[in-house]
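The structure appears below as structure tokens.
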Amino acid sequence: MDFRARFAPSPTGQVHIGNIRTAIFNWLYTRHCGGEFLLRIEDTDLERSTKQAIDALFECMKWLGLDYDGEVMYQTSQSEHHKQAARDLVARGCAYELNPGQPGSPVLFRLPYDCDSFPFVRACGRVRTELAVDAPFSISRAGLTWSVVNHKGKTVENAAGLAGFKDLRVFDGAGNVIFTLDASNIREIEALVEPKVIAGAAAFEFLRREVFFHDLVKGDLAKPLDGIKDLVIIRSDGSPVFHLANVCDDVTQRVTHIVRGDDHVENTYRHLFLFQALGFTPPTYAHLPMLVNASGKPYSKRDGDAFVGDFREKGFLPEALFNYLSLLGWSPGDNREKMTRQELVEAFSIDRAQRSPAQFDLVKLVNMNGMYLAEMPLARFESEAWDFAGRWEWRASASRELFSKVAALMQTRTKTYQDVNAWKYFFCGELEYDPKGFRKLLSDETTRTALAALADIFERKPSMNETEVEQTLREVESAHGMGACRLNQPLRVAVTGVTVGGSMYETAAVIGTGDCASRIRKTLALGSAS
RNA sequence: GUUCCCAUCGUCUAGAGGCCUAGGACACCAGGUUUUCAUCCUGGUAACAGGGGUUCGAAUCCCCUUGGGAAUGCCA
């Protein structure tokens with residue numbers, strides 16, 4: 001199947017989850033169809049594009065396993081093609097300089113007046129517009145400008161390209177035709193640089209035509225041509241504008257399917273004409289609704305907490321983020337959620353993409369990450385947790401062997417690698433006490449006496465195993481008239497400082513009972529109400 | 001302002017006129033297992049934005065209202 005999709009980010013800031021979700025959908029769609037997934041960096045905004053942003057983008061894509069086919073295309077490298085394309089369009093009358101002859105005139109692409117035969121244009125019938133009296137009505141190569149009075153009595157100015165007004169007739173207040181625009185004089189008007197003001201215009205009538213296309217996710221879309229303006233394709237400084245560059249590059253890369261955010265829907269109506277003028281059949285479009293943040297607003301560069309790279313720093317797994325993001329605005333249709341990359345590729349279909357925006361939910365991502373972490377082979381978990389922990393001081397003095405034991409004990413209760421920081425007490429005797437737990441569990445005299453006795457025993461047998469620890473605890477409890485297990489939580493606070501963690505017996509065995517003894521002493525020395 | 005798009009539990013979603021007393025997941029609540037926490041198990045609260053049609057029958061089709069979003073750049 002001839003299928004080429006692309007991801008075309010502009011490197012003007014950190015790539016955020018909204019962008020990368022688009023990349024993921026493109027990737028899944030392409031891999032499902034067995035096509036090619038291309039990467040194009042739209043770096044034409046020299047002011048704001050940065051090398052760091054490009055590097056970060058590559059890093060994120062690599063991390064998420066978004067492999068692309070062929071070489072990366074940098075849009076700036078195509079600059080000459082874009083300019084040549086613009087010159088060709090001007091030469092063929094498809095584009096024009098706004099102020100011909102003058103240096104620094106922008107070049108505009110002309111929506112063609114003769115477009116009845118285009119496969120994406122259709123007639124809708126004649127339309128009549130009443131004009132605001134005393135407001136100027138003018139026409140030039142750039143199109144029409146007119147004013148109407150809205151229902152609140154306010155005068156509103158409008159503008160649109162000439163193409164929107166087939167067989168235009170302008171009337172004066174008495175209903176006389178005072179101007180017409182049709183095939184007979186369109187060339188003349190297209191040459192008109194200075195706007196021609198038509199005095200006394202009171203109303204006009206024209207044949208409305210609309211641009212239409214079928215969107216793979218939104219369905220049939222259409223927009224009247226009289227609501228669309230000619231567009232700038234070359235700026236005053238000679239640089240190509242997004243619209244031209246984007247379409248030219250899609251032609252160059254022979255892109256067949258464009259999957260992008262639905263903020264581009266309005267551009268599509270105009271890009272269709274650009275493809276046509278360049279002599280190419282427009283690709284198939286799929287516009288995805290935006291991803292919104294916790295306050296319901298679309299993600300933007302300003303949402304600092306949404307940078308993809310930060311999720312790595314926050315201890316998320318790429319496969320979990322990938323899985324979660326693929327489920328934002330799409331679902332396989334059955335009740336599956338945790339799916340492997342392969343399963344996602346097989347199940348993906350663009351027409352199952354949601355038409356309405358989806359809100360990113362960090363809590364659900366955390367849950368999914370925890371599932372991935374829990375099911376991960378211990379060796380990988382241990383090794384990645386170790387690497388991640390490199391950011392904290394305590395790891396410098398931690399033994400790898402001990403770390404392995406701790407990892408095995410703590411894996412099922414880890415949601416993200418960030419949680420590994422809570423393992424600190426295994427490696428460092430300087431405890432941070434939970435004040436509430438301390439008061440509640442270490443104030444009782446009997447408990448304190450029992451703990452002191454326990455420390456004596458631990459000291460004599462400094463490397464008990466789990467079972468021995470358990471037996472010892474039962475004996476000490478009974479010797480002090482305490483019920484079974486009553487010493488577990490006090491011991492936990494005495495040796496870890498906190499009230500939550502893995503099995504107490506295992507925890508004590510992993511720390512080492514000798515070490516536990518000194519920790520208990522140290523804790524008891526703090527007094528009963530610390 | 002105008003044009004376009006969207007609307008199912010708090011969130012992500014299932015739903016293609018009868019399988020819907022609206023299903024699943026996260027979160028939340030209650031109970032069970034567990035020395036704690038987590039896991040695990042059981043149960044629960046919770047939604048078709050509102051109003052009109054069409055139809056024997058509407059979450060599903062149509063219209064209106066409301067609410068949200070986008071576009072309307074010599075940004076991309």
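Order of the sequence lines fixes the chain letters, A, B, ..., with proteins taken first and strands second; residue numbering starts at 1 for each chain. Note that the coordinates shown come from a computational prediction; the quantities given were computed from them, not determined experimentally.
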From the candidates B:rC5, B:rA76, B:rC6, the one with an atom nearest any side-chain atom of A:Arg355 is B:rC6
Side chain of A:Val156, heavy atoms from C-beta onward: which of B:rA76, B:rG1, B:rC5 has the nearest atom to it? B:rG1
At what distance, to the nearest 0.5 angstrom, does NZ of A:Lys166 lie from CZ of A:Arg126? 10.0 Å
Describe, in one word, how the ring planes of A:Phe438 and A:Tyr433 are oriented to each other, choosing from parallel (under 30°), tilted (30 to 60°) and perpendicular (over 60°). perpendicular
Looking at the side chain of A:Arg235, which of B:rA25, B:rC26, B:rA76 is the nearest nucleotide? B:rA76
Determine which nucleotide pairs with B:rC28, using a 3.5 Å limit on both distances of a Watson-Crick or G-U wobble pair. B:rG44
Please state the C1' separation for the pair B:rC56 and B:rG51 - nearest whole angstrom. 23 Å
Need one value for A:Asn267: base, sugar-phosphate or nothing, where a base atom within 4.0 Å counts as base even if backbone is also close, heavy atoms only. base
Out of B:rG24, B:rU11, B:rG73, which nucleotide sits closest to the side chain of A:Lys229? B:rG73
Mind checking whether A:Trp146 and A:Phe204 have parallel, tilted or perpendicular rings, split at 30° and 60°? perpendicular
What does A:Pro298 touch in the nucleic acid at a heavy-atom separation under 4.0 angstrom: a base, only the sugar-phosphate, or nothing? sugar-phosphate
When you check the side-chain N and O atoms of A:Gln75 and A:Asp249, is any donor under 3.5 Å from an acceptor? yes
Check whether the side chain of A:Asp334 and the base of B:rA14 form a donor-acceptor pair under 3.5 Å. no
If you find the nucleotide of RNA chain B closest to A:Ser105 and the one closest to A:Gly329, which residue's nucleotide is nearer the 5' end? A:Gly329
Rounded to whole angstrom, note down the P distance from B:rA7 over to B:rA49. 9 Å
Of all the nucleotides listed (B:rC74, B:rC4, B:rA76), which has the minimum atom distance to the side chain of A:Glu266? B:rC4
For A:Val406, the option from A:Val420, A:Thr507, A:Val510 that meets side chain to side chain contact (heavy atoms under 4.5 Å, CB included): A:Val510
Stacking check: are the rings of A:His243 and B:rA76 less than 5.5 Å apart at their centres and under 30 degrees in tilt? no
Which listed nucleotide (B:rA14, B:rA76, B:rA70) is nearest to the side chain of A:Ser331? B:rA14
For A:Glu468 and A:Asn465, indicate whether the former's side chain and the latter's backbone hold a donor-acceptor pair under 3.5 Å. yes
Using a cut-off of 4.0 Å on non-hydrogen atoms, how would the nucleic acid contact of A:Val363 be classed: base, sugar-phosphate, or nothing? sugar-phosphate
Using the P atoms only, state how far B:rA25 lies from B:rG53, rounded to an integer number of Å. 38 Å
Could you tell me how far B:rU60 sits from B:rG23 if I compare only their C1' atoms? Round to whole Å. 16 Å
From B:rC12, B:rA70, B:rG23, pick the nucleotide closest to the side chain of A:Leu328? B:rC12
At under 4.0 Å between heavy atoms, what does A:Glu42 touch on the DNA or RNA strands: base, sugar-phosphate, or nothing? sugar-phosphate
Just to be sure I understand the rule, does A:Ser10 reach a base, reach only the sugar-phosphate, or reach nothing, if contact means heavy atoms closer than 4.0 Å? sugar-phosphate
Closest nucleotide among B:rA76, B:rG69, B:rU11 to the A:Phe242 side chain: B:rA76
Could you tell me whether the side chains of A:Asn369 and A:Tyr417 share a donor-acceptor contact shorter than 3.5 Å? no
A:Pro357 has its side chain closest, among B:rA76, B:rA14, B:rC6, to B:rC6
A:Phe348 meets the ring pair (Phe, Tyr, Trp, His ring centres under 6.0 Å) criterion, sequence neighbours left out, with A:Phe25, A:Trp330
Options B:rG68, B:rC5, B:rA7, nucleotide nearest the side-chain atoms of A:Lys297: B:rG68
Complementary nucleotide of B:rA16, counting Watson-Crick and G-U pairs under 3.5 Å: none
How long is the gap from CG on A:Leu327 to CG on A:Leu344, to the nearest 0.5 Å? 7.0 Å
Reading 5' to 3' through nucleotides 30-45 of chain B, protein heavy-atom contacts under 4.0 Å coded B for base, S for sugar-phosphate only, - for none: -----BBBS-------
Searching all strands shown, indicate the nucleotide that pairs with B:rG1 (Watson-Crick or G-U wobble; both distances under 3.5 Å). B:rU72
